[in-house]
Number of protein chains: 2
Amino acid sequence: MEKKQKTISVTGVGIKDVARLAGVSPATVSRALSGGPVSEALRAQVEAAVRASGYRPNLAARRLRSQHSGTVGLVVADIRNPFFTGLSRAVEDSAYQAGMRVILCNTDEDPQREALYLRLMQEERVSGLIFAPTRASMSTLDQSSFEFPVVLVDRAATGVPFDAVVLDNRAAAAQLVNHLVARGYRRIGGLFGKTSITGAERRDGYVGAMQRHGLESAYRLVAPTAEAAYAEAAAWFAEATRPQALVVSNSLLLVGVLKAARAAGLCMPADLALAGFDNDNWTELVEPGITVIEQPVDDIGRSAMGLLFERLQEPQRPLRRVVLSGRCIVRGSTAVLETAVTGAVPQEAER
Amino acid sequence: MEKKQKTISVTGVGIKDVARLAGVSPATVSRALSGGPVSEALRAQVEAAVRASGYRPNLAARRLRSQHSGTVGLVVADIRNPFFTGLSRAVEDSAYQAGMRVILCNTDEDPQREALYLRLMQEERVSGLIFAPTRASMSTLDQSSFEFPVVLVDRAATGVPFDAVVLDNRAAAAQLVNHLVARGYRRIGGLFGKTSITGAERRDGYVGAMQRHGLESAYRLVAPTAEAAYAEAAAWFAEATRPQALVVSNSLLLVGVLKAARAAGLCMPADLALAGFDNDNWTELVEPGITVIEQPVDDIGRSAMGLLFERLQEPQRPLRRVVLSGRCIVRGSTAVLETAVTGAVPQEAER
DNA sequence: CTGAAAGCGCTTACAG
DNA sequence: CTGAAAGCGCTTACAG
């Protein structure tokens with residue numbers, strides 16, 4: 001069983017070998033394998049011949065001939081960022097379910113690598129691309145740069161000429177502010193990443209919500225690393241106007257802020273309340289638990305693949321932008337402020 | 001600039017178009033692009049024509065003709081496991097540096113999906129495969145199953161007929177035991193995953209080290225999920241023979257144990273010392289910090305790619321097994337036991 | 001339903 | 001160094 005019939009071919013057993021074995025033409029083998037119109041008798045012969053020979057179709061040949069790569073590209077900043085880890089898993093699952101492959105690339109937010117990988121996508125003739133662009137490159141892009149559909153994820157300015165799946169970042173940030181206000185906090189600061197559009201949108205949401213509550217915004221922008229957040233937070237905590245509560249725009253920054261708070265000897269939430277984004281493992285495990293906005297990564301990945309498929313079927317359809325909501329997971333880091341002015345009713349509901 | 005010369009071809013601009021534009025043959029374009037022997041004059045003409053036409057080579061055609069896919073497969077259990085996240089990033093970096101692509105597949109430890117993806121690797125005609133097999137499939141595998149080199153990572157029984165890169169799991173587990181003994185603990189239990197060879201090796205290391213110290217082993221095996229670990233640990237903590245310290249074989253189980261300890265109201269390290277594997281973010285951030293063995297994921301990924309390349313260059317070389325050491329990161333979860341019998345000198349050094 | 005033939009876009013001996 | 005020709009392994013009109 002499973003005897004390896006070494007044929008003359010260097011390449012192993014090909015469709016012609018199977019055809020010979022089954023006593024049919026290569027065309028019939030091809031049809032039988034792709035579910036084409038073949039009589040049951042021949043189909044059975046072909047299947048037997050495939051099993052006997054251990055034949056595996058050559059995908060490079062199939063792609064070249066059929067002009068379908070059956071491949072989608074996924075270009076993100078860094079797979080080690082838990083948001084992208086989850087996203088890539090969701091995209092891969094959707095893709096493999098649809099019988100497609102995924103090519104994953106990490107740009108590290110480097111425009112040069114970004115350009116390199118976009119070029120690669122062209123060379124692979126991907127059927128479509130799911131892309132989380134840097135802010136710089138997003139403005140450069142237009143549809144004519146690509147001969148395949150592109151779906152932006154996570155980062156997409158309103159009005160960009162692409163299908164997109166994003167979180168409602170403004171609403172999510174506002175949700176955190178509302179929650180903090182409801183819990184009695186007033187001097188609420190913000191720390192946002194300055195390189196991605198996501199950080200900017202979350203900042204806008206924060207500023208808007210603070211305004212609606214009649215509170216004064218105080219935010220700072222940092223490079224998207226734990227180290228930068230640590231430095232900025234440490235400096236801030238040393239100032240007289242240190243905030244009572246902090247809204248932080250992603251989990252990397254959150255790590256930096258947490259370490260800075262500990263280094264400064266600040267207790268949560270008594271000395272500092274903390275609220276952020278991404279329901280990473282550690283935000284639950286740390287004491288007293290960090291209040292965060294959880295992003296629906298599975299939905300985001302699935303929706304992105306969905307938009308891609310629909311675009312492939314109907315290239316001329318109007319642009320679509322799927323906006324998903326985050327879920328606020330309340331934990332100990334934003335417990336009710338004990339010195340709260342109980343008379344001050346928040347002007348907006350928590351949700 | 002960058003004018004899209006739409007040619008008659010449906011497929012976009014091909015090598016023949018470039019050749020016509022440059023006034024040379026397709027063969028010369030091919031040579032110029034692949035760094036073959038071409039005069040400087042013609043090379044410049046070709047480069048200009050490529051720029052002018054926006055030509056991008058079709059990788060499917062190149063692969064079919066050259067019989068090199070320039071692709072390595074990476075088959076792991078789940079990219080969301082932080083060990084595999086780091087590994088995949090390391091492998092991808094090595095691969096892209098060498099001008100190769102990576103195809104990533106998540107098996108979820110499911111033998112059926114494993115078989116499916118191994119078949120896919122054949123169809124892609126990958127140049128090589130980096131593979132973390134389940135225990136079940138590892139015994140099934142032999143070299144003749146593949147027509148490309150395979151390097152096992154993370155999981156590889158001694159004696160398997162493949163190149164492999166693994167952690168010295170026995171030494172690492174022993175290191176944790178030695179450390180706990182040196183800190184004064186004696187009733188040291190173990191919790192190990194039962195599905196992977198890794199868990200078994202770590203258990204062996206634990207048992208051996210306990211024996212050398214003249215201590216009695218007490219370990220339990222569980223399914224590799226946080227839930228299973230939680231259930232088992234919760235039950236154990238309720239028993240009279242509850243351990244003073246616990247060695248846990250991976251970070252998923254560690255999460256379960258930590259939650260169970262908290263639910264049982266056990267303080268670390270006073271009521272329970274904890275030591276595990278994988279220097280995941282949260283092990284540092286949690287109070288009082290968990291002592292763990294850090295795996296050199298970058299080294300593991302790089303070494304695996306290295307073994308693959310060497311095997312491709314020299315198919316007949318003897319099998320190689322690279323065994324890397326973990327680094328013990330000591331944190332508060334294994335602080336000196338205050339009630340330690342100070343007379344009992346550990347029989348082995350901590351390292 | 002089936003087969004013979006053409007061709008996807010490249011690379012690579014082969015000959016000069 | 002250069003070009004004409006063959007061919008990698010498939011799929012797909014085309015004809016029957």
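Residue numbers start from 1 in every chain, and the chains themselves are labelled A, B, ... in the order their sequence lines are given, proteins ahead of strands.
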Q.
Below the 4.0 Å mark, does dT2(C) have OP1 or OP2 next to a side-chain nitrogen or oxygen of Thr28(A)?
A. no
(Q) Tell me whether Arg320(A) is salt-bridged to Glu310(A), with the criterion being a basic N under 4.0 Å from an acidic carboxylate O. (A) yes
Q | Pair pattern of DNA chain D in dot-bracket, where unpaired bases get dots and | marks partners in another strand, Watson-Crick or G-U under 3.5 angstrom | A | |||.||||||||.|||
**Q.** Residue pairs involving residues 22-32 of chain A (criterion side chain to side chain donor-acceptor pair (under 3.5 Å); sequence neighbours excluded)
**A.** Ser25(A)-Thr28(A)
Q. Rounded to the Å, how far apart are Asn58(B) CG and dC10(D) P?
A. 17 Å
Q. Quick one: Gln45(B) CD to dC1(D) P, roughly how many Å, whole number?
A. 15 Å
Q: For nucleotides 11-16 of chain D, just jot down a letter per nucleotide in 5' to 3' order: B, S or -, based on protein non-hydrogen atoms under 4.0 Å.
A: BBB---
Q: Calculate the interatomic distance between Arg56(A) atom CZ and dC10(D) atom C1'; express it in whole Å.
A: 15 Å
Q.
I need the CD-P distance between Glu40(B) and dC1(D), as an integer number of Å.
A. 10 Å
Q. In whole angstroms, how far is the C1' atom of dC10(C) from the CZ atom of Arg63(B)?
A. 12 Å
Q. Contact class for Leu59(A) (heavy atom, under 4.0 Å): base, sugar-phosphate, or nothing?
A. nothing
Q.
Measuring only the C1' atom in each nucleotide, how far is dT12(D) from dG16(D)? A whole number of Å is fine.
A. 16 Å
Q: Provide the full list of side chain to side chain donor-acceptor pair (under 3.5 Å) pairs with a residue in residues 79-88 of chain A, sequence neighbours left out, each pair given once.
A: Asp78(A)-Arg80(A)
Q: State which of dC10(D), dC8(D), dC8(C) makes the closest approach to the side chain of Leu64(A).
A: dC8(C)
(Q) Tell me which pairs pass ring pair (Phe, Tyr, Trp, His ring centres under 6.0 Å) where either residue lies in residues 58-90 of chain A, with sequence neighbours left out. (A) none
(Q) Rounding to an integer number of angstrom, what distance separates dC1(D) and dA5(D) when you compare their P atoms? (A) 23 Å
Q. Which atoms form the tightest heavy-atom contact between Ala49(A) and Ala22(A), and what is the distance?
A. CB-CB, 3.7 Å
Q: Quickly work out the Gln122(B) CD to dC10(D) P distance and round it to whole Å.
A: 13 Å
Q: Report the distance from atom CZ of Arg43(A) to atom C1' of dT2(C), rounded to the nearest whole Å.
A: 13 Å
Q. Does the side chain of Glu114(A) come under 3.5 Å of the side chain of Ser137(A) through a donor N or O and an acceptor N or O?
A. yes
Q: Provide the closest heavy-atom pair for Ala304(B) versus Val151(B) in the form atom of the first, atom of the second, distance.
A: O-CG2, 3.9 Å
Q. For Glu47(B), what residues pass the side-chain hydrogen bond (donor to acceptor under 3.5 Å, both in side chains) criterion, not counting sequence neighbours?
A. none
Q) Can you find a side chain N or O atom of Ser39(B) that sits less than 4.0 Å from OP1 or OP2 on dC1(D)? A) no
Q | Short side-chain to backbone donor-acceptor contact, Asp108(B) and Asp110(B), under 3.5 Å | A | no
